[in-house]
Every structure is written in C-alpha cells, then in structure tokens.
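The block underneath contains the structure these notes are about, expressed in structure tokens.
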Number of protein chains: 2
Amino acid sequence: MNPSDCEKIAGRYAYDGLDRIIHEKARLSIIASLAGHSEGLLFNELKELCSLTDGNLSRHLAILQEADLVQMWKGTRNNRPQTLARLTEHGRRRFLEYVSRLERVVADASRLTGQSGAGAGLRPRTT
Amino acid sequence: MNPSDCEKIAGRYAYDGLDRIIHEKARLSIIASLAGHSEGLLFNELKELCSLTDGNLSRHLAILQEADLVQMWKGTRNNRPQTLARLTEHGRRRFLEYVSRLERVVADASRLTGQSGAGAGLRPRTT
DNA sequence: CTTTCTTACTTTACACTATAAAGTTAAAAA
DNA sequence: TTTTTAACTTTATAGTGTAAAGTAAGAAAG
C-alpha cells in the first residue's frame, strides 16, 4: 500500500483506542495525577490538583473504581477519615495505552503545520 | 519556587485548556481529519474516516459550525448535493492550542514510566 | 409521466452522564 | 450537649452523544 493511501482508509481518524472512561476530562485529570504519584493521593490532594468539587471527585472516583482503574484505601489521619486513591496495575496499563493513542492524535496534528488550502469553487452555505 | 513544588500546586492537573468542544472523541476525529486536509473533506469522506453515522456526523458538524471551528460549503457534484467541511482559521488555532495542551498530558504521562509505589499501611476499603 | 429507489443529509427522541446541591457521619470545639 | 467542621456520598438535574426516523431531490423503472 502506498503510504499516502493510509490517509484515506476508513476509520483512519476514528481514534477507537481513546478509552471513553479515561478520555473524560475530569477523569483524565485524576488518572494523570495518580500516574505521577505512585504512592497514591489523598481525596483532598486530588481535589486540589484537579480543581474538582467534592461530589464531582467522589462520583468520578467511583466510576474509576468500578472500572478497576483506581483502587481506594480507607484509613485515618489525626482521627479523621482519609481516603487514598491509587492507580491499579490494570489502570496503569490502560492509561499508557490511552496515552499512546493520544500521541497519534498529536502526531496527526503536526501534519497540520505548514499547510495552506486552496478553494474548491463552491458557494458558502446560506442556512 | 522549587521545581518539584509545581507538582503540588492547585489545579496542576486540571487541564483547563482541554477545550470541551474539541475534546469530545467524535469531534476530535473530525477536526483531526480536517486538519490533515486543508482543502476540506466531503461529508461522506468524513463519515468514512471517522467511522460515524450520518446523523452523528451531521450533529457534530453543526456544533463545530456553531462554534466557528468548521465552515460548511454547499455545492453539487454529478447533480448531487455535496457538503464540504473545512477548518476555519479560528478552528485551526483552537486545535493547535488544544494539541499543545494534549502534549502536556503526554509529557505528564511519561513521568509514569519507571515508578514503583510503596504501600501506606492503610486497609483496603470494604464497601 | 408518475411511482419507486437511492443519495445525502437533518431532525428528533432517548439514554447516558457530568455536575453541583443537598445529605450523612463522626470527631472536635464551644 | 449543642454547634461546628471535615470528609466524603447521594441525589436531582441539566446537558449531550447517538441512532432511528424523517426530508428533499435527482435517477431509474414501468
């Protein structure tokens, strides 16, 4: 196959690998935070790092836990309940997979630079 | 500020710049396709490249047009109506901006490689 | 020439989901 | 013992992605 042909194959830009659960902005924040902190992060640390509200963070963590991407640990610090969140090994792998797909998006985008278009003689839509 | 401190600042992983309109998977597909084809793409070409249904593509194109990221041109080929979609200059800029934020996500992720965690002596949650 | 078929979309209705407001539990302070 | 604060959880809602149904117009068939 001619290399330039791959531009035309069906699904070339479908980005199937962009895992829905990870792709959501808030959860991407959470997972990226956790990826950089293998020892885990406390609920409030995550809240700050990701600029999320309590309820929002709680819901997304539940979704991530459900999907076995994140593991939650309950404990106490200074007689206060504390929740520690950590990436699971599965979550780590899924995230790395996700990122490798992201890299393709970025690579596709670099193709944009330095292109200029030519008009096709069609009239602009009126509706 | 110590470089290692930036890991802790509030909002460090909020990824505010991840434009909601572009971030959506289907629209990211569409925009990336268009970014690589400055001459524009026909409705059916986009449909194929992004593996989207007619209705789906139509809705997302309308949203992108509304946001002035994509421009639509109506014309005819072989006595058949044809719609050509193209990135606007504004859309091109917003996409490049978006991609530069994506690159940060990818950069953050590279930090993941080669880290191993240590347990914190907390018990696994039971609920 | 008019009926059916195909093409190229658009509109609509539904199911899903992200979000924040309200609720809960328990320790600490007053 | 009442109030306040901390640390979440649950719930209600508004918003959104998706596919099924709908539309318009040219082409083919009879």
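Letters A, B, ... mirror the listed sequences (proteins, then strands); counts begin at 1.
The nearest whole Å value for the distance from the CG atom in B:L61 to the P atom in C:dA8 is 15 Å. Note: NZ (B:K74) to P (D:dG26) measures 14 Å, nearest angstrom.
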*If a protein heavy atom is under 4.0 Å from the base, mark B; if only from the sugar-phosphate, S; if neither, -; do that for nucleotides 24-30 of chain C going 5' to 3'.*
---BS--
*Would B:E97 and B:R101 satisfy salt bridge (Lys or Arg N to Asp or Glu O under 4.0 Å), going step by step from the backbone distance to the final call?*
CA-CA 7 Å; B:E97 174 69 16; B:R101 304 305 177 107; 2.7 Å; yes
_Check against salt bridge (Lys or Arg N to Asp or Glu O under 4.0 Å), B:R94 and B:D68_ = CA-CA 10 Å; B:R94 289 264 292 271; B:D68 190 33; over 6 Å; no
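Annotation: side chain of A:L102 is in contact with side chain of A:L18 (closest heavy-atom distance under 4.5 Å). Side-chain contact between B:L52 and B:I30 is present, with at least one heavy-atom pair separated by less than 4.5 Å. Annotation: side chain of A:Y98 is in contact with side chain of A:H23 (closest heavy-atom distance under 4.5 Å). At a threshold of 4.5 Å between non-hydrogen side-chain atoms, the residues B:L84 and B:L41 do not count as touching.
Taking the charged nitrogens against the carboxylate oxygens, B:R20 and B:E24 have no contact shorter than 4.0 Å, which rules out a salt bridge. In summary, A:R12 and A:D108 engage in a salt bridge, as defined by a charged side-chain N under 4.0 Å from a carboxylate O.
The base of C:dT19 lies close enough to the side chain of A:R59 for a donor and an acceptor atom to sit less than 3.5 Å apart.
Using modelled atom types, no side-chain atom of A:N78 and backbone atom of A:R80 make a donor-acceptor pair closer than 3.5 Å. In this structure, the side chain of A:T83 does not engage the main chain of A:K74 through any donor-acceptor pair within 3.5 Å.
Of all the residues in residues 45-58 of chain B, B:T53, B:G55, B:N56 reach under 4.0 Å from DNA chain D with at least one non-hydrogen atom. Of the residues in residues 15-30 of chain B, those placing a heavy atom less than 4.0 Å from an atom of DNA chain C are B:R20, in numerical order.
Between A:N44 and D:dA6, a side-chain N or O to OP1/OP2 separation shorter than 4.0 Å is absent. Close to C:dT19, at under 4.0 Å from its OP1 or OP2, lies a side-chain N or O of A:H60. Contact between the side-chain N/O atoms of A:Q82 and the OP1/OP2 oxygens of D:dC8 is found at a separation under 4.0 Å.
With no hydrogens or angles considered, no side-chain donor-acceptor pair links B:E48 and A:Y13 at under 3.5 Å.
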